[in-house]
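Written out below as structure tokens is the structure these notes cover.
Each chain gets a letter, A, B and so on, in the order its sequence line appears, and its residues count up from 1.
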Amino acid sequence: MSAERVAVVGIGQTKYAAVRGDVSLPGLLREAAYRALDDAHMTMDDIDAIVVGKAPDFFEGVMMPEPYLADALGAVGKPLFRVHTAGSVGGSTAIVAASHVESGVHERVLTIGWQQQSVSEAMWALSFPIPFQQQLVAGAGGYFAPFIREYIRRSGAPDDIGILVALKDRLNALKNPYAHLHEPEISYDSIKESFMLWEPIRYSETCPSSDGAFAMVLAGEKAAEASAAASGVNPAWIRGTAMRSEPATASGRDQISPKAGQDCAADVYAQAGITDPVADIDMVEMYVPFSWYEPMWLENLGFAPEGEGWKMTESGRTRRDGDLPVNCSGGVLSTNPIGASGMIRFGEAAMQVRGQAGDHQIDGARTALGHAYGGAAQFFAMWVVSSEKP
Amino acid sequence: MRDVAIVSVAQTDHRRAVPELNEVEMIQPVIQTVLEQIDAKISDIGFTCSGSSDYLAGQAFSFVMTLDAVGAWPPIVESHVEMDGAWALYEAWLKIQSGHADTALVYGYSKASPGDLPRVLSRQLDPYYYGPLWPDSVAMAGLQARAMLDKGMITEAEMAEIAHRSRTSAESNPHAQVKGSPSVDQLLAEDYLSNPLRKHDCAPVTDGGCAVVIAAGDRAREWADNPAWIRGIDHRVDSHNFGARDITRAPSAALAAEKAGVSDGQVDVAELCAPFTHQERILRNELGLGDDVEVNPSGGALAANPIMGAGLIRLGEVANRIMAGDAGRGVAHATSGHLLQQNLVAVLEGSS
């Protein structure tokens, strides 16, 4: 079976902020959707199906909000589909949208990921006790901190690697006008002096809580070429998509470098013909909500041998002038509307290979990896996009 | 298009409440059964997709734990929709159509019993205008039934007949929760629950779930003597502005039925997800099903309504009848949102 070729031909995002009180929930989504449609030189009438994704409905207090949003998204009379796969959902949603086109069933699909986190308190929404289940305790940071400590113990990494990641990503965010956090005064010392939240994660090494939405238009080969001819912007061709899941608790499971992440990377690289990830991939948008996850994912994704991811970070290889730029947009550390965060990674990768990333563009980026993870580091979604048609 | 079929179906014995089990414990035997029926293991499955709702579970990321019921180790290719399992089946069908998988496990489940379901469902309404009024799902459906009565589309006696027929049919369904019915006259003598709806007009509150295996081509023929081939499947949504549209219609159901090819052949059986008696009439109209079509021989949602699984069960019930040789071609329907706002329609067919 050979699937239909699929490309990203339209990208739009909102300005991210702690509170986007100037728009309603549908208004927030339409801000991103219209920008993506404009970019694709299409209108809502051109769209065959809409695929949306977001993290828990409790965050906005609307149960399964997609029927409510049907009118605002131009979905009336069309298929409207809702994905939810924890923190990886933005990436999974993009993959499900791609599946709509790859299958040959639909030609032009609008996909949107969002979260309006200002409506609730994410940390405590994730922390309430449930009978029979392990309690998360004090939000995601409290859950992931022990894994990070174990990574530091195993790898012998110096204790300031997290500071270097946070400094890099927050400085990168200054070149991204949509990023939530713009902190021109940030420095190594200011991060080091920020208060410790969950040892070893400091306040400035953790993601913010954001309102925002990200949208893309995906199209089959013919529609993609027509759109590119109209817009004058090269499509980002999807060269591979992969998803993997593993249980939160399984004997033999390694939470530090989960097998699901390794398998997912191997799968997406095989589809995209990538044999040497560092050489074959020009830039990565990686899901790093806590600074130390950059070196951890560098190893999990095969960019560095086990225990040596931190050396890539320390030597500056993941900076925008390094040989493997990571999170030129500022990443999750600078912008985190949870349900959109994965799609932002996928979409920023597509923006890079389309040459439309503005001030944070990596010159000559042709192949990029978008990465997202969720749950207890157990759900993974990845795609490889390229300026070249497969 | 690849030929894709339902080859195995399993469901819980549906109950009003299953307080002694959590969701993992409730759905695990169903997943085990659906695989055992075809001598398959999770390693034989190329893609897994489930449907459930955090609002029903009362917990963020509730679906994460049910991965334990699947036995997702080593890691599996897996996804989840915050929709009825019927839409999880749609995602799996797309995955197989795109060539990324040949087989898929699909499941949908919920425990509605811990909450006040009609009030919980009111949280699915627009949060700025409808939501703050807390209109519960039964009151919403009552408005729809009233509009139909006023237009002469149905009578209260006909609604009671639908309830009586469904629950009488459910007597032969070993999984059904509500079986058997008083006479239509006795039903009509009951008080209103939410005028013009009486208790018999409403689906029960149910804890339960369903699992299905689908497979492409030869793999389907290996796993089933008579696979239930998915000849068409489509879903559509209508406007949420209930005050601005005719709520006695469900245009999205008609459109999905047209795209799925319902009228391209004879319909031997139809399983329609109508949680309220009057909604069966709307769906019959929109799907163009004549009076000769047997509807809901399982008893339908009126006999058991595990939300998030009830639509997938409709697909499973039609598939079972085809696989058993009792029907040649059938139609299955799933719904989401209030007042049949979002609808999925599938056409299933045997080989002969």
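By the salt bridge (Lys or Arg N to Asp or Glu O under 4.0 Å) test, A:K259 is found to be paired with A:D263, residues two or more places apart in sequence or in another chain being considered. For the salt bridge (Lys or Arg N to Asp or Glu O under 4.0 Å) test, residues two or more places apart in sequence or in another chain that qualify with A:E221 are A:R5, A:K389. A:R82 pairs by the salt bridge (Lys or Arg N to Asp or Glu O under 4.0 Å) definition with A:D57, A:E66, not counting sequence neighbours.
Residue B:L56 holds its CG atom at 4.0 Å from CE of A:M63, rounded to the nearest 0.5 Å. To the nearest 0.5 Å, the span separating CD1 on A:I95 from NZ on B:K95 amounts to 6.5 Å. Atom CG of B:L67 and atom OG1 of A:T249 lie 10.0 Å apart (nearest 0.5 Å). Going from atom CH2 of B:W93 over to atom OG of A:S103 covers 6.5 Å, rounded to the nearest 0.5 Å.
What you find for B:F61 and A:A86 is that their closest heavy atoms are CE2-CA, 3.1 Å. The heavy-atom pair separating B:V64 from A:F379 by the smallest distance is CG2-CE1, 3.5 Å. Nearest heavy atom pair, residue A:D71 against residue B:S239, reads OD1-OG, 2.6 Å. For B:V237 against A:A75, the heavy-atom pair with the smallest separation is CG1-O, 3.3 Å. Closest non-hydrogen pair, B:W73 versus A:R253, comes out as CH2-CA, 3.9 Å. Between B:Y55 and A:V62, the shortest heavy-atom distance links the atoms OH-N, 3.7 Å.
You'll find the side chain of B:H240 stays beyond 4.5 Å of the side chain of A:L69, heavy atoms only. In this structure the side chain of B:Q342 never reaches within 4.5 angstrom of the side chain of A:M64, judged on heavy atoms. By the 4.5 Å heavy-atom criterion applied to side chains, B:Y90 and A:H100 are counted as neighbours. Residues A:S99 and B:F47 fail the side-chain proximity criterion, which asks for heavy atoms closer than 4.5 Å. For the pair B:H100 and A:M243, the minimum side-chain heavy-atom distance is 4.5 Å or more. Looking at B:Q124 and A:P67, their side chains come closer than 4.5 Å, going by heavy atoms from C-beta outward.
Both the backbone and the side chain of B:N241 come within contact range of chain A, with heavy atoms under 4.5 Å apart. With a threshold of 4.5 angstrom between heavy atoms, A:Q262 does not approach chain B through any atom at all. For chain B, the nearby parts of A:S24 are the backbone and the side chain; heavy atoms of each come within less than 4.5 Å. Contact annotation for B:E91: both backbone and side-chain heavy atoms come within less than 4.5 Å of a heavy atom of chain A. Proximity to chain A (any heavy atom under 4.5 Å) is shown, for B:V120, by both the backbone and the side chain. Only the side chain of B:L255 comes within contact range of chain A, with heavy atoms under 4.5 Å apart. Residue B:Y128 touches chain A through its side chain alone, counting heavy-atom pairs closer than 4.5 Å. With a threshold of 4.5 angstrom between heavy atoms, A:P258 does not approach chain B through any atom at all. Using a 4.5 Å cut-off between heavy atoms, A:P79 contacts chain B through both its backbone and its side chain.
Relative ring orientation between B:F63 and A:H84 is described as perpendicular, the plane-to-plane angle rising above 60° on a 0-90° scale split at 30° and 60°.
Residues of residues 76-84 of chain B lying under 4.5 angstrom from chain A, judged on non-hydrogen atoms, are B:I76, B:V77, B:E78, B:S79, B:H80, B:V81, B:E82, B:M83 in numerical order.
The residue among A:S245, A:S88, A:A376 with the most heavy atom pairs within less than 4.5 Å of chain B is A:S245. By number of non-hydrogen pairs under 4.5 angstrom with chain A, the leading residue of B:D238, B:L344, B:D126 is B:D126. Across A:G77, A:A250, A:G375, the residue that shares the most heavy-atom pairs under 4.5 angstrom with chain B is A:G77.
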